[in-house]
Amino acid sequence: MFTELQEANFLVPTSYYVILSAVLFTIGVAGVLIRRNAILIFMSIELMLNAANLAFVAFARAFQDLSGQVFVFFVMTVAASEVAVGLALIVAIFRSRKSIDIDELHSMEG
Amino acid sequence: MTPGTVLFLILALIAVASAIGMLTSANAVHAALFLVINFFCIALFYLGLHAPFLAMVQITVYAGAIMVLFLFVIMLLGAERISLGSTLRWQGPLAIVLVVLLLGVTIFILFSPQIGSQMPVPEVWTAAQAAGDAEFGSPASVGLVLFERYLLPFQMVGILLLVAMIGAVVLTRDELKTGRKRREAQTAVSPDGQTGEVGEA
Amino acid sequence: MDSLFALIPLIIVFPFSGVVIGVFFGRRLMPHKDSIGPGLVASILAGASFVIAVLMFIALQGHPEGVEVPLATWMNITAGDRVLDIPWTFKIDTLSSVMMLVVAGVGTLIHIYAIGYMQGDIDEQIAKRGFEGDEAFDFKRRRYSKFFTFFNLFLGSMLVLVTANNYLMMFVGWELVGLCSYLLIGFWFDDPVKGVYNSESGKKAFIVNRIGDFGMLIAIMLIFWTFGTVQFDDVFARAECMQAESQEACLTVSAGEAVHEEAEGEHGEAARPYLTPVALGKIGTVTLGVVVTIITLCLLLGATGKSAQIPLFVWLPDAMAGPTPVSALIHAATMVTAGIYMITRSNVLYAMAPISGTAVAIVGAATALVAGTIAVAQFDIKRVLAYSTISQLGFMIAAVGLGGYVAGIFHLATHAFFKALLFLSAGSVIHGMEHGHHHAAHHGHGGDDPDFDPQDMRYMGGLKDKMPITTWVYIIGSLALAGIPPLAGFWSKDEILLDASLNNQLVYVLLSISAFFTAFYMGRQVFMVFFGRARTEAADHAVESKPMMTTPLIILAALSVLGGLLNLPGLHSLAHWLEHSVAHAHTAEFNISIAAISTLLGLIAIGLSWLLYGRKPVEAGQADPLRSTGPVFTFLNRKWYWDELYDTVFIKPYVWLGEFLAVTIDWKFWHDFVHDRIIGDAFRGWGAILSQPIDQGVVDGAVNGIAQLVDGSSQELRKTQTGYVRNYALAVALGVVLVLGFLAFRFLM
């Protein structure tokens, strides 16, 4: 299967991956904009990060440069940190507000 | 339609569908599971893109650790159900319009003659090229680049992880606060207001 | 001998230290009501000054040419090639010595007299005001010490004037005595009845003197411009130098040999035209003769102010508003002679300007006659003496104008004696009259006339029995003034008449007529005051003054008798004395016919006055015998209408001009029109425009508009800050789309 896949990719242009990346990214954006659940918004952000990673890896292959893959590696690390801190924040907010509906968190309104 | 292309399209469809599923599912647990599917698809794409190391990391870190954390939090808070309806009337429609526009513009840019023509499109690769490429993206080669060229960022990322860990611990811990409150309460009821502190000292 | 000269600063230090003592300790010197502490201290200091004057006189015997004692540098200013170097230097020569002796001597006697007189005078004022107890005591010692402070200040100032070695220093003394005169004339400015008149009199004296001082200042400035110095000796040396040399050549000439050389050559010589051009700065160039004539005429103007000559004599009669010692010291014996002294001091300049000399003589003679005639028709005992003083000053001025400097100074000295005597005696009379008036009022003898004036001769009469000493010294003074031999006045007046007869017949005639009137009005006064019967209760109860007051009178009477010895014909001791310092002094030999004529005129006048006033004394309420002359008497009584003339010619137009300037020019035009109308209205108009439409409308509108815009827009914009994170995310997404769209448009189109 490994070889199969690799061979299959020989035939797919980079632009396919880029379009897929764009679509996934857009769906992530839509999730951030539409969903009220803070955890879901987080997950949408993760989706966007993955979409970007996909583009990175696709271009790394196209340019035959491993920097793209290393960068994805860094992005994953940052994403992990972000999730750790972000979920901690959500837990803290939930403790004080008993809710993770971000529409209820609008005390900063002008 | 080569088999590779078909395979790509099927995987792409699953990825998009699972993303949309995450987007639309009312239950947060379902959404998390959809996302896991999506991440697996992406891991498969990494394999096909000569990035087996990243594919493994994607499955272990993302699909494994991160998504487990998500599920854990969701279940901890019991906040898996929040309705899709919005108190912000124009938020949804506007978001959809914007997302469509964003997608359109992005694709328009990507496939415009100026940019699209610069995008290297690999031709049909020969077996010999594939053999020469075999090393590309292997864990050894990635590790070499990582520890030679990107050693400093690698160290910084390590520190970042440490900071994030401490941050997460500090943010979620309220034991200190409650402990102090308990002490203060004890001081308030003690016969003379001064002894609480002095006695402890 | 020289060491004696070094004492000269003391002559002014003594009186000025008296001023300091008077200002700071005057009241403490008077521990009780009848204490005479301040007067005593002032008199002792005046006496000390006199002692210094005597020492100077003694020292001068060995150095008749005189010395100059520098004390300090007063001004030293260099501007271009001119140096204004004015030292504070005492000039001691025979002329200033005479003046010092007269001023300090007579001044000391009058100080002593004032010790007693002011006690009574202040008590009189206290009675008028109704003060009692502590208030009266406080008032008394304030005024008593104040009076002697002023008196000492006057004495010091006068001594500054006569010891000056330059015109500017003399001017300082000149102004200071003017100030003292003002202060002392208005000494009773708060008199409940006559206070306003007293202060008006002081003002009049001060203002009239300002006119003279103006001439004086012009003269001093011209002297500096012409000769480059104001020191007497240098000025005169350069003036004589410039008769032959150019101005530049003479500007470095200093006093010394030149004066003495010229003294021989120029003596009595007819002045020749001085054609040396004199550069007067920006004014231009004129010949020396013209400049000197202008200088001397300006000096004459100064002299007419200070010495009460036509046209500026009008202040002196009103100056009698001051207490009698003031009239005696300042307005008879010393200050008013400053003009004569100054002209004598400037004799070199007058010798160079014959026109000025003649003018001086005419002014003096005319004043002598006018004042003499006015004195005839006065009723106030001090006013008669005041006009007499003016008349006698006219004699002196006429003398110095004709070049008879010795005669002028001689008459100055003798006049100081007998006029001080007469004033002080008059003061004694007034004192006695007031005493009598109180006595009469107190004992209910009636006659408590509210219009009672202790100075009015019509209320007097028959005082010779009540006040014998005063009467006798008064008669001596009168005879001396009338010029009856062998009293002092005869010799000095005769010398003036002699000079006049030799130099200017017109002046001689005028002065002779004046001498006649002098004898007449003095006779009239003596007969009215001392002889006949008392016309009022006050006169009936008058008493002789205390010895403190009569002693100086007796001394002055003796001086009035013996004063002629100063310059007896044949001896000419004063002439020889003065010739060291007055280059142009000349003395004529005694002329028996002139003396006889003047004596005869005097005796006729006295006889006439006896006929009118003595033979049949004027009774109470009876009109003055001279009233029969009708309008002539009124004319004289009203002082030739001088005051009215000045009132019409100067004061009314001046007041009118002042009113015109104040009301029309300043108020109506300048204030109402220019300020209020043009500037004010324009300002207000502009202010209105600037404030209402511009400031409140445009500026405030802009500011408020911006504020409202910001306020309104932020009211709207704050709605965008919903606080919903998703809204913000939407905005971010919109931004992304727009940026991408822009990039797409930019790069792809």
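Each chain gets a letter, A, B and so on, in the order the sequences are listed, and its residues count up from 1.
- Between B:Ile109 and C:Ala744, the shortest heavy-atom distance links the atoms CG1-CB, 3.8 Å.
- A 6.0 Å sphere centred on OH of C:Tyr182 holds no more than 12 heavy atoms belonging to other residues, nucleotides or ligands.
- Counting heavy atoms of neighbouring residues, nucleotides and ligands inside a 6.0 Å radius, atom CD of C:Glu132 does not exceed 12 of them.
- Within residues 96-104 of chain B, the residues having any heavy atom under 4.5 Å from a heavy atom of chain C are, by residue number, B:Leu98, B:Leu101, B:Leu102.
- Atom CZ of C:Arg129 is surrounded by more than 12 heavy atoms from other residues, nucleotides or ligands within 6.0 Å.
- Nearest heavy-atom pair, C:Arg726 versus B:Gln91, reported as atom, atom and distance to 0.1 Å: O-NE2, 3.1 Å.
- For B:Met156, the CE atom is loosely surrounded, since the number of other residues' heavy atoms within 6.0 Å does not exceed 12.
- Annotation: C:Trp667, atom CH2; neighbour count of heavy atoms from other residues, nucleotides and ligands within 6.0 Å does not exceed 12.
- More than 12 heavy atoms of other residues, nucleotides or ligands sit less than 6.0 Å from atom CG of C:Asp34.
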